[in-house]
Asker: 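Below you'll find the structure I mean.
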Amino acid sequence: GAGQAFPDGQPLVPGKAGVSMVFREPARHLGEIRLRGVETLLPELGQEIRNRVTATGFQSVQVGAENRLRERHAAGAEADMISLDRQEEAGRLGVLALEDGSGRPEGHADMVSMARPFLADPEWVRKAQAGLADEINTCIACNQACLDHTFMGKLTSCLVNPRACHETEITLTPTQTPKRVAVVGGGPAGLATAVAAASRGHAVVLFERRSELGGQFNYARKIPGKEEFNETLRYFRVMLEKHAVDVRLNTEATVDALADFDEIVVATGVMPRELALLGADHPCVLSYAEAIEQPERVGQRVAVIGAGGIGFDVSELLSHEGHPATDIDAWCDEWGVDLAVGERGGLKAPQPPRSPRSIVMLQRKSSKPGKNLGKTTGWVHRASLKQRGVQTLTGCEYVRIDDAGLHIRRDGQEQVIEVDTVVVCAGQESVRDLIAPLTQLGGRVHVIGGAAEAAELDAKRAIDQGTRLAAAL
């Protein structure tokens with residue numbers, strides 16, 4: 001732990017990093033030191049580690065600088081490892097990033113360590129070794145079904161792979177009776193169903209009325225910090241092709257077109273709920289979908305109606321310029337991370353960027369905004385918006401929208417919030433147009449995802465339902 005002392009009683013690099021040591025019998029393996037959370041190690045730090053450890057009789061040292069690498073470098077590694085031996089020169093101390101796509105340490109590392117990625121895809125290593133990086137179901141670091149579950153006392157799993165920790169419950173074995181399966185809707189629920197069903201040997205046709213697959217994921221992937229959602233869509237596209245799913249984009253499914261299928265899966269998702277308010281049709285009013293797809297239409301002064309997950313996402317998008325999460329220097333400046341470890345604890349004064357817009361986020365409830373955000377990630381979103389100057393108002397009654405702005409009543413007092421744009425993030429409604437006409441087809445129709453329930457829309461639930469349905473066909 002931090003400040004742990006060596007046998008001579010002196011702490012190792014006080015104030016610099018948390019250090020853990022594993023001691024084994026000298027005749028077999030003399031020890032390991034692992035430094036976590038440090039991407040750049042100063043040469044003198046490495047020399048100090050070497051001197052302290054070898055003086056105690058240990059002959060080998062491993063120093064790991066844990067750093068999340070984007071898997072677009074193909075199956076590189078989440079943990080950068082540096083091997084040191086007391087016969088080597090101190091000048092070799094540095095950080096090695098495995099970006100050659102081989103997925104192998106090539107002598108530079110004794111171990112590459114990952115955790116969540118193996119929940120997302122237990123075949124990660126095999127696929128990397130075989131040069132099938134595009135078939136890796138990438139961990140998107142959402143924490144929704146892994147760490148959030150753990151801290152709530154629930155069984156750990158994975159949003160993008162609901163079979164994780166349910167392997168004997170959800171089995172995707174080859175079918176003995178192949179069927180013709182129609183999946184209507186190319187969002188997370190439909191994609192999961194189509195891929196899983198086709199992998200079992202069913203003949204699957206996927207209907208999507210828009211020009212691209214993804215559904216609500218196409219909005220999520222545009223939010224700063226959620227760029228890795230693109231990787232899930234990449235995975236699904238690759239697997240649809242691998243399992244010969246007939247994908248029909250720009251195609252509206254009709255009852256006649258679906259009549260000859262053995263099984264019909266309705267995964268038509270959701271649409272933004274319209275605001276029932278005087279002035280809801282004012283030109284300054286946009287749905288969350290419109291604001292995400294066309295942020296250039298949003299003015300400088302913004303009111304966001306709704307402080308749930310979508311309200312936070314829209315506020316994140318509108319308060320950012322670009323995608324700092326993919327720019328290491330910008331991210332470190334914003335959060336006060338000193339990779340050179342020149343400051344105590346590797347921390348420096350944060351430099352939060354200015355928001356390009358003035359944003360007020362409102363909700364009817366008097367509870368804390370973002371109350372139902374992820375248990376392990378919600379604090380990040382709240383902190384991000386706070387340092388960008390996003391205001392939050394609770395206990396609001398919406399009165400009307402007009403040229404003056406958004407009129408609300410709060411604590412019995414009416415007030416006007418002068419804004420250029422009002423973005424409505426007040427929930428979703430299920431798209432169920434096909435369900436009534438399809439009822440005449442009987443039990444062959446299955447409704448999943450947002451089409452089944454729009455409340456608290458959840459990709460975790462949608463992908464889980466799609467996978468379980470495919471397993472049961």
Side-chain angles (χ1 to χ4, degrees), residues 116-124 127 135-140 142-146 148-149 154-208 213-217 220 229 231-247 261-270 444-453 456-473:
R116 290 177 298 176
F118 285 131
L119 290 173
D121 194 334
E123 298 295 316
W124 197 102
K127 292 177 181 178
E135 292 187 13
I136 293 176
N137 194 2
T138 303
C139 167
I140 59 175
C142 66
N143 284 3
Q144 286 183 238
C146 54
D148 284 358
H149 276 205
K154 296 181 179 180
L155 183 63
T156 296
S157 190
C158 178
L159 180 146
V160 300
N161 176 28
R163 292 194 66 233
C165 301
H166 299 86
E167 293 85 354
T168 60
E169 177 184 344
I170 308 173
T171 58
L172 299 176
T173 54
T175 180
Q176 300 301 310
T177 55
K179 295 183 176 182
R180 294 188 68 243
V181 180
V183 178
V184 184
L191 290 170
T193 307
V195 167
S199 73
R200 298 188 57 215
H202 295 296
V204 180
V205 178
L206 175 59
F207 295 87
E208 170 53 51
L213 299 170
Q216 296 292 305
F217 255 41
F229 282 49
E231 301 298 332
T232 300
L233 296 182
R234 177 266 310 153
Y235 166 76
F236 277 127
R237 285 193 295 267
V238 170
M239 301 311 286
L240 288 171
E241 182 176 356
K242 178 177 180 177
H243 296 299
V245 174
D246 181 357
V247 179
F261 285 89
D262 301 315
E263 304 284 349
I264 302 169
V265 180
V266 179
T268 43
V270 299
R444 296 186 292 135
V445 180
H446 313 270
V447 184
I448 63 172
E453 183 181 1
E456 297 295 332
L457 182 64
D458 186 356
K460 177 181 69 174
R461 185 182 75 226
I463 294 175
D464 180 80
Q465 288 179 347
T467 305
R468 289 176 183 272
L469 172 59
L473 289 177

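Heads up: numbering here begins at 1 and tracks the sequence. Worth saying up front: this structure is predicted, and the values here are computed from it rather than measured.
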Asker: For residues C146 and R116, report the shortest heavy-atom separation together with the two atoms involved.
Answerer: SG-CD, 3.8 Å
Asker: Applying side-chain contact (heavy atoms from CB on, under 4.5 Å), can you list everything that pairs with T173, at least two apart in sequence or on another chain?
Answerer: T171, R200
Asker: Taking ring-ring contact (aromatic ring centres under 6.0 Å, His included) as the definition, give me every residue that meets it alongside F217, ordered by chain and number, with sequence neighbours left out.
Answerer: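 Scan of F217 (ring-ring contact (aromatic ring centres under 6.0 Å, His included), adjacent residues dropped) gives F229.
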Asker: I need the Q216 CD to D458 CG distance, nearest 0.5 Å.
Answerer: 12.0 Å
Asker: Return the NE2 to OG1 distance between H166 and T467, rounded to the nearest 0.5 Å.
Answerer: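 Answer for the NE2-OG1 pair, H166 versus T467, is 11.5 Å.
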Asker: To the nearest 0.5 Å, what is the distance between OG1 on T232 and CD1 on I463?
Answerer: 6.5 Å
Asker: What's the shortest heavy-atom distance between A462 and P188, and which atoms?
Answerer: CB-CB, 4.5 Å
Asker: Set out, in order, the CA-CA distance, both residues' side-chain angles and the distance that settles salt bridge (charged side-chain N to carboxylate O under 4.0 Å, His left out) for D464 and R468, then state yes or no.
Answerer: CA-CA 6 Å; D464 180 80; R468 289 176 183 272; 2.9 Å; yes
Asker: Please report the interatomic distance CE(M239) to OG(S199), rounded to the nearest 0.5 Å.
Answerer: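 Those atoms lie 7.5 Å apart.
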Asker: Restricting to side-chain hydrogen bond (donor to acceptor under 3.5 Å, both in side chains), what partner residues turn up for N161, sequence neighbours left out?
Answerer: none
Asker: On a heavy-atom basis, which atom in A182 and which in F207 lie closest, and how many Å separate them?
Answerer: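 Closest heavy-atom pair between A182 and F207: CB-CE1, 4.0 Å.
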Asker: Taking D262 for its side chain and V181 for its backbone only, find out whether a donor-acceptor pair lies under 3.5 Å.
Answerer: no
Asker: Output the distance between atom CZ (R180) and atom CZ (R444), rounded to the nearest 0.5 Å.
Answerer: 10.5 Å
Asker: Got a donor-acceptor contact below 3.5 angstrom from the T175 side chain to the T177 backbone?
Answerer: yes
Asker: How close do V245 and L206 get, counting heavy atoms only, and between which atoms?
Answerer: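 So the two residues come closest at CG1-CB, 4.0 Å.
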Asker: Considering non-hydrogen atoms only, spot the tightest contact between T138 and E231 and give its length.
Answerer: CB-CB, 3.7 Å
Asker: With sequence neighbours left out, write down each residue that passes side-chain hydrogen bond (donor to acceptor under 3.5 Å, both in side chains) with H446, or none if nothing qualifies.
Answerer: E263
Asker: Please identify each residue that fulfils side-chain contact (heavy atoms from CB on, under 4.5 Å) with A267, with sequence neighbours left out.
Answerer: A189, I448
Asker: May I ask you to check whether over 12 heavy atoms, not counting those of Q176, lie within 6.0 Å of atom CD?
Answerer: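 12 or below, so no.
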Asker: Just by modelled atom types, is the K154 backbone N or O under 3.5 Å from a matching donor or acceptor in the H149 side chain?
Answerer: no
Asker: Can a donor-acceptor pair be found, under 3.5 Å and without considering hydrogens, that links the side chain of R163 to the backbone of I170?
Answerer: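 Answer holds: yes.
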Asker: Can you sort out the partners of E123 under side-chain contact (heavy atoms from CB on, under 4.5 Å), two or more places apart, ordered by chain and number?
Answerer: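 Only D121, R126, K127 meet the side-chain contact (heavy atoms from CB on, under 4.5 Å) criterion with E123.
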Asker: Under 3.5 Å, side chain of Q144 to main-chain N/O of L159, donor-acceptor pair present?
Answerer: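 Flag not set: sc Q144 to bb L159 has no pair under 3.5 Å.
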Asker: Output yes when a side-chain donor or acceptor of T193 lies under 3.5 Å from a complementary backbone atom of A470, and no otherwise.
Answerer: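 No; zero donor-acceptor contacts below 3.5 Å.
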Asker: List the atom of G214, the atom of L233, and the distance in Å for their closest heavy-atom pair.
Answerer: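 Heavy atoms only, the tightest pair is CA-CD2, 3.7 Å.
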